[in-house]
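We use all heavy atoms of the structure for the numbers below, so side chains are in, but hydrogens, waters and symmetry mates are not. Since this is a predicted model, take the numbers as computed values, not measurements.
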Amino acid sequence: MVRRDRLRRMREWWVQVGLLAVPLLAAYLHIPPPQLSPALHSWKSSGKFFTYKGLRIFYQDSVGVVGSPEIVVLLHGFPTSSYDWYKIWEGLTLRFHRVIALDFLGFGFSDKPRPHHYSIFEQASIVEALLRHLGLQNRRINLLSHDYGDIVAQELLYRFKQNRSGRLTIKSLCLSNGGIFPETHRPLLLQKLLKDGGVLSPILTRLMNFFVFSRGLLQYINQRKKFRRRWVGALASVSIPIHFIYGPLDPVNPYPEFLELYRKTLPRSTVSILDDHISHYPQLEDPMGFLNAYMGFINSF
């Protein structure tokens with residue numbers, strides 16, 4: 001009897017919560033997105049757009065050291081944008097002649113077509129198209145990537161390994177805090193909910209105020225499992241310098257499981273481990289440590 005009363009009260013409580021939440025959610029879903037911060041507005045104003053198959057792609061392209069032939073292309077993570085690199089941007093321009101970053105399709109200021117079959121393969125093709133647009137398709141490129149961008153870099157590396165015409169010529173690759181191994185990747189609960197869909201997905205999408213949170217974009221988690229041999233194999237078989245910058249407090253790529261597998265799979269790669277309190281966004285959490293680690297790698301060959 002007591003148990004039935006408790007269950008009845010719980011049901012009544014949830015009904016009341018639902019009656020209150022539904023109109024609040026409905027109102028919130030119709031609130032326009034917030035205005036850009038001054039920093040983001042400046043970032044957008046200083047960038048440019050190019051067109052890929054009728055879609056507008058945002059990118060940044062800064063000229064740094066005069067006389068240097070070095071070019072670095074930055075590939076951001078999920079669910080953010082090229083703005084992830086702003087804290088180390090100036091430092092990179094002191095070492096490289098060109099510093100280039102883009103917002104992947106569906107992210108940042110780039111177009112977000114819906115419905116659309118987003119894929120790592122398309123994002124890699126967009127990177128190649130950007131460099132053709134800039135007239136850099138025949139130049140040797142240093143790739144610096146994070147999270148989702150690590151997987152795009154792996155696909156670009158695979159194409160480079162196949163020596164196909166029109167592909168990037170990659171001079172070096174530096175990865176950071178990305179789930180390059182599906183078996184050690186621990187997606188956050190929110191990522192799981194959004195990837196698998198269901199009744200909460202559209203609500204979470206709007207409430208989190210990230211247009212990129214959609215099932216299509218999050219399918220990269222499944223793609224990584226399906227194409228593990230292709231992408232991990234590319235890392236293991238190329239002879240270019242490869243480095244990994246790691247924030248060890250990362251809940252998505254946990255220590256020490258991730259690092260042990262990385263060193264076992266890629267024994268020729270070098271690794272920089274940042275301070276114990278650095279987590280999934282090392283370039284934002286410890287920009288100086290990240291930049292120093294990257295420069296140490298670049299200056300080693």
Side-chain angles (χ1 to χ4, degrees), residues 43-44 46-78 80-86 88-89 92-111 118-176 178 220 230-231 234-235 238-243 283 294 297-298 301:
W43 186 257
K44 183 178 182 181
S46 63
K48 299 177 182 178
F49 289 86
F50 84 105
T51 301
Y52 174 83
K53 295 185 178 180
L55 300 166
R56 280 165 44 91
I57 304 297
F58 176 82
Y59 70 95
Q60 289 278 0
D61 178 15
S62 292
V63 176
V65 179
V66 176
S68 169
E70 297 284 349
I71 300 168
V72 62
V73 175
L74 314 177
L75 307 176
H76 70 80
F78 181 97
T80 50
S81 71
S82 58
Y83 190 65
D84 275 1
W85 305 107
Y86 82 99
I88 65 169
W89 194 267
L92 291 173
T93 63
L94 299 177
R95 173 62 174 77
F96 294 93
H97 177 56
R98 298 280 286 275
V99 181
I100 299 165
L102 77 161
D103 289 352
F104 290 125
L105 183 67
F107 296 77
F109 298 123
S110 291
D111 280 351
Y118 291 91
S119 76
I120 295 298
F121 302 102
E122 181 180 43
Q123 305 287 22
S125 295
I126 290 172
V127 175
E128 292 173 334
L130 172 59
L131 293 196
R132 287 195 300 271
H133 172 75
L134 296 174
L136 300 174
Q137 65 270 28
N138 296 319
R139 301 284 296 276
R140 300 178 72 201
I141 303 298
N142 299 285
L143 289 179
L144 173 57
S145 60
H146 172 248
D147 187 66
Y148 180 94
D150 285 355
I151 313 168
V152 178
Q154 287 174 265
E155 172 58 21
L156 290 168
L157 197 64
Y158 175 84
R159 298 180 186 189
F160 167 66
K161 177 176 173 282
Q162 300 302 307
N163 197 26
R164 299 176 183 175
S165 61
R167 304 309 187 192
L168 297 190
T169 301
I170 301 174
K171 181 178 180 180
S172 72
L173 170 61
C174 182
L175 309 148
S176 62
Y220 81 91
R230 175 189 180 103
W231 291 335
L235 284 173
V238 296
S239 59
I240 65 168
I242 296 178
H243 191 67
Q283 74 276 34
Y294 184 59
F297 165 60
I298 284 294
F301 58 89

Give a yes or no on whether the backbone of [Y] and the side-chain of [X] come within a donor-acceptor separation of less than 3.5 Å.
X	Y	value
Asp103	Ser81	no
His76	Phe104	yes
Gln283	Ile88	no
Gln123	Leu105	yes
Ser110	Phe58	yes
Arg139	Pro69	yes
His97	Val65	yes

Distance, nearest 0.5 Å, that separates [atom1] of [X] from [atom2] of [Y]:
X	Y	atom1	atom2	answer
Leu157	Ile170	CG	CD1	5.0 Å
Phe96	Ile71	CZ	CD1	10.0 Å
Asp84	Asp147	CG	CG	9.0 Å
Ser62	Leu92	OG	CG	10.0 Å
Ile240	Leu235	CD1	CG	9.0 Å
Ser46	Tyr86	OG	OH	13.5 Å

Mind checking whether [X] and [Y] have side chains closer than 4.5 Å, heavy atoms only?
X	Y	result
Tyr148	Ile120	yes
Trp85	Gln60	no
Phe297	Ser172	yes
Leu168	Phe160	no
Val63	Arg98	yes
Leu75	Leu102	yes
Asp61	Lys48	no
Leu130	Tyr52	no

Verdict with reasoning, Ser82 to Trp43, per side chain to side chain contact (heavy atoms under 4.5 Å, CB included) | CA-CA 9 Å; Ser82 58; Trp43 186 257; 3.1 Å; yes

Would you name the heavy atoms of [X] and [Y] that are closest together and state the gap between them?
X	Y	answer
Ser145	Asp150	OG-OD1, 2.6 Å
Leu173	Ala153	CD1-CB, 3.7 Å
Asn142	Phe301	OD1-CZ, 4.3 Å
Gln154	Trp231	NE2-O, 3.1 Å
Phe49	Lys44	CZ-CE, 4.3 Å
Arg132	Gln137	CA-OE1, 3.6 Å

Knowing that exactly one of Arg159, Lys53, Glu155 qualifies, which makes a side chain to side chain donor-acceptor pair (under 3.5 Å) with Ser125?
-> Arg159

Among Ile100, Leu143, Val99, find the residue that satisfies the side-chain contact (heavy atoms from CB on, under 4.5 Å) test when tested with Leu74.
->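 Only one of Ile100, Leu143, Val99 forms a side-chain contact (heavy atoms from CB on, under 4.5 Å) with Leu74, namely Val99.
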
